[in-house]
Each structure stands twice: as C-alpha cells, then as structure tokens.
Amino acid sequence: MKIRLFAGWQARFHLVCLMMLLSALAVGAFPGTAHAQAQVTPVPTEEVAVEPLAAEPVAAPVAEAAAAPTFDHGDVAWMLTSTLLVLLMVVPGLALFYGGLVRSKNVLSVLSQILVVFSLVIILWVAYGYSAVFSEGNQFFGSFTQFAFLKGFSPDSVGNTPIAGLPDYLFVAFQSTFAGITTALIVGAFAERIKFKAVILFSILWFTLSYIPMAHIVWGGGYLGEMGAIDFAGGTVVHINAGVAGLVGAYFVGKRIGYGQTALKPHNVVFTYIGAMLLWVGWFGFNAGSAAAADTVASLAFLNTILATAAAVVGWTLVEAITKGKPSALGAASGAVAGLVGITPACGTVGPMGALVIGVVSGALCVWGVTGLKRLLKVDDTADVFGVHGIGGIVGALLTGVFSAQSLGGTKADLDIGHQVWVQFVSVAFTIVWCAVVTALILLVVKALVGLRVTEEAERTGLDVTSHGESAYEV
C-alpha cells in the first residue's frame, strides 16, 4: 500500500524534499550539542539558549520559599493568647490567691514577693535559663551558654526551638512564664515570716539548680523524658517541684509565731476566691497552650481542664461537707486549684472521663493533704503549697499513667498501664528527691549568707511595714 502511494519519481522527489524541510526545521528549532559547542561566539542560537535558562532564577526562589520554615497564623495567635493567660495566672491570679490567705499586715509583702520573683526569673530565663533547658547537654543540664541571652535568635527566626511551627521568640516567651510561676508558687509556703532578700536569693538559686534541671530532664531531652515519663504541662516540673520546695522551705524557716495556739485566719477570702478563679481562667493557657498549636490536642486539654476542675470542686466540697459538716467557699476555691494541678500532667493524653476521675481524686485527697497530712508532718505551710500542689501533682502524675491508655479513653495506643505507672512513679520519686535535696542545700546557703527569718518584732508588726514600709489598709 505504501509502495503504491509513493510510486513514481515525482512522488519520491516530493518525499525527499519534505524530509529535508522537516530536518532543517528540526535543526533550526533544536540545535544539536555538537553544533552549539562548535560555535565559539554563537550569534543566532545564543538568545535561544538563554531563554530556558532565564526561567531558572524564577523557579529557584519558589522552591526556596517552599522549603523555608513557616508558621500557622492561627497557632501563633493561640500561643500569644496562652502566654498572656499564664501571665494572668501569676499577676494577679496567684498574688490574690496567696494575698487573701495571709493576715492583713502581710498582704503587700506576699504581693511584692510574687511580682518581684516572677519578674526576676523571666530575666534569668532569657539570660541562661532557656539555653540550659532546651540546648543539648547531658541527662540533667543543657548548655548555659549556647543560647545565652537568646544568642542566634532574631525577630524573624523560626524553627530553632523544639516547636518548629512557632516563631522562636514566642516559644521562649511562653516557656518563661512557666519558669516564673513555678518559682513564685513556693513563696506561699513560708509567707509572713521570711526576709525579702532571702526570698530573692533563694529564688535565683532554686531556679538555677532545681527548675532548670527538672525542665531539661523532662522536656529538654533528659533522663525522665527519654524514659518515657508523660508530663504534658508540668505535673513534675512545676507542681511537685514547687510543692516539695515549699514543704522543705516551711521546715527551714519555721512556724509562725502563735501557730497552733491562736487562729491565724486568712484576712480576705474574697481575694483568695477571685485569685482562684483567675487561676482557672489562666490555666487554659497553661494546659491547652502546652499543645503549642490550635489543634485537636489543645481542644482535648481545654475540655479536660474544665472537667477536672469542676470535678475537684465537687469532690472537695463533698468531703468537706461530710467531715466538717459545712462546705466552705475557701474549700471550693482550693478544690478548683487542686483539680487544675491534678490534670496538668495528663490534660493532653487522657480522655474526658479520665479527667473527671483525676479531678475527683485530686480534690478529695488534697483535703487530706491540707488537714490530716499537714498535722502529721507538723509543718506550717502557710498557703498549703505542698498540700495542694505537691499532693495534687503526685496524684495527677500517677493517674496519667493509667488514663492515658486508649483502652480507657486516652490517646496512647498499646500503652502498657503497669509499665507506664511505674515510669510515672519513678518520675515522681526522682522529682521529690532531687528537689528536696537541692532545696535544703540552697536554704543552708541562704541562711548562712543573709539569714532566713525576720526578727520576732518585725513578724509581730507585719512584713508590710517592716520589710516594705507601707500598709495595705489604713486603720
């Protein structure tokens, strides 16, 4: 068929001409390699060769921009809000909570101690705290110099922190509030009789030798973190750590004058109630913010924070009604804080029903922590730092190992509950021992350098006047 189609010399000639034309067009449109290299100064083909190369600079920035670290604006907005909420927990939340629990002659001293300690730790966090927690080091400390004074960070830097999806400065700011509130929590244990300069020196040393290593050990790639301990928002790092420090501090400073002989009643339960409610509101930043994103984990932590706190309020109120005959407003407010403490290590990994159980148990056991256990220990813990934060943190940390299992509504699939509870127990025991020993040594140093306790006359007059030269209330 093809032979017939191209039969005759004219047909063959036309075919040859057509092939030559196509070949010429092909050579002109797609110059060969040999031809291009043979031309030392190619005139007609140079522009053709440059045209595809001109597209390369356009494509390169696109690929480079796609690979550059980016962040989600919704996550950033939530984390900015969470940082602000944690700040609300401390000033004014914690300050009002503790301020209402002390006598009127000491309220300003407590407010001043919390504000100054919190502010001082924020500065130390930027100076060397962040570096020592979140840089590479050993099992207990990171490097104190690698990121000192935020070396290597810039306003535009992203991805240089453990949370790659946030601006670096935002993660530093969020974590600074955790360091600040943890150290400020201890103040309530030895309030009304400690020297202001002793508080300041103690806070500097304790932040450096207790908070920093515990945060690195759990969150910075240290010993307990590698072991698999679950501490979503700070059960060991924050609450057990501060609770044990408060207990040891109360022993070293000693009991207030008249403790156990006269009633040393809170001067303003309304302050304490308002402070507790501000703590509840701010705690959503503490717990849900620890997800470091506006996502499903934050939503779970948010719901658990509501449920556990509500359950703890009910649990504390019921126990108090049964044991004392009358439920108190102070007890309900304390129950809210107990529930918040208990759910902190578990909020991102347990289900809602687990949160309810943790809340009820925390509320009920913390009633015992501030009554029976406190009498058993024979300690004057002014604001019940150990009874609420220590006991609540221990309960929450241990039950995290139970209710994080997916079979019980948690998020951890194939979790061996027995093994995880053992890991949680080890983390609790380690925190207690580390903090107790370090706190005792620090207090010995502070006592030797500046002393711990004010004079008896100053204590009877009140620290507002004797330590700060002012009075909260004019009589």
Side-chain angles (χ1 to χ4, degrees), residues 86 89-91 93-95 97-98 101 110 113-114 117-118 120-122 124-125 129 133 175-191 194 199-200 202-219 231 233-253 275-276 279 282-283 286-287 290 334 337-338 340-345 362 366 369-370 373-374 377 379 381-397 427-440 442-443:
V86 182
M89 291 174 63
V90 193
V91 284
L94 182 65
F97 185 80
Y98 282 174
L101 290 174
V110 171
Q113 289 170 15
I114 291 173
V117 166
F118 180 77
L120 177 62
V121 170
I122 294 293
L124 296 178
W125 177 255
V133 172
Q175 287 294 328
S176 73
T177 59
F178 277 62
I181 192 174
T182 305
T183 312
L185 282 172
I186 307 169
V187 168
F190 39 62
I194 192 170
V199 172
I200 300 304
F202 169 81
S203 298
I204 295 172
L205 295 175
W206 190 88
F207 164 73
T208 305
L209 299 175
S210 191
Y211 180 82
I212 284 177
M214 282 307 308
H216 180 77
I217 289 166
V218 176
W219 294 333
D231 189 355
T236 52
V237 177
V238 177
H239 297 292
I240 300 176
N241 204 8
V244 172
L247 179 65
V248 175
Y251 273 122
F252 269 79
V253 179
L279 282 167
W283 222 289
F286 200 82
N287 283 357
S290 292
S334 300
V337 178
L340 291 165
V341 171
I343 197 59
T344 292
S362 298
C366 284
V370 303
L373 179 60
K374 187 175 181 178
L377 295 175
V379 62
D381 183 348
T382 307
D384 293 315
V385 177
F386 181 75
V388 174
H389 295 274
I391 298 300
I394 292 171
V395 170
S427 70
V428 169
F430 181 91
T431 305
I432 292 173
V433 173
W434 179 283
C435 182
V437 172
V438 168
T439 302
I442 291 172
L443 287 167

Please answer whether the main-chain N or O of L185 pairs with a side-chain N or O of Y98 as donor and acceptor at a distance below 3.5 Å.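 A pair under 3.5 Å: yes.
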Please lay out, stage by stage, how V121 and T182 fare under the test side chain to side chain contact (heavy atoms under 4.5 Å, CB included). CA-CA 10 Å; V121 170; T182 305; over 6 Å; no
Mind checking the [atom1]-[atom2] spacing from [X] to [Y]? Nearest 0.5 Å is all I need.
| X | Y | atom1 | atom2 | value |
| --- | --- | --- | --- | --- |
| I391 | L373 | CD1 | CG | 5.0 Å |
| L247 | C435 | CG | SG | 9.5 Å |
| I432 | S427 | CD1 | OG | 9.5 Å |
| I194 | F252 | CD1 | CZ | 12.0 Å |
| H389 | L340 | NE2 | CG | 9.5 Å |
| N241 | T439 | CG | OG1 | 7.0 Å |

Before accepting this row, confirm whether a basic side-chain N of the pair D384/K374 lies closer than 4.0 Å to the acidic partner's carboxylate O.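 Yes, D384 and K374 are salt-bridged.
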May I ask you to test the W219-F178 pair for a side-chain heavy-atom distance under 4.5 Å?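 A side-chain contact exists here, since the closest heavy-atom pair is under 4.5 Å.
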Where do L377 and F386 land on the side chain to side chain contact (heavy atoms under 4.5 Å, CB included) test, with the steps shown first? CA-CA 11 Å; L377 295 175; F386 181 75; 4.2 Å; yes
Apply side chain to side chain contact (heavy atoms under 4.5 Å, CB included) to residues F286 and V238 and explain how you reach the verdict. CA-CA 11 Å; F286 200 82; V238 177; 3.9 Å; yes
Do you know which two heavy atoms are closest between G396 and P345, and how far apart they sit?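 Minimum heavy-atom separation between G396 and P345: C-CG, 3.6 Å.
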After noting the C-alpha distance and the side-chain angles of W125 and V133, does the key distance pass the side chain to side chain contact (heavy atoms under 4.5 Å, CB included) rule? CA-CA 9 Å; W125 177 255; V133 172; 3.8 Å; yes
Of I186, I212, L443, the residue whose pairing with W206 passes side chain to side chain contact (heavy atoms under 4.5 Å, CB included):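 Passing option: I186.
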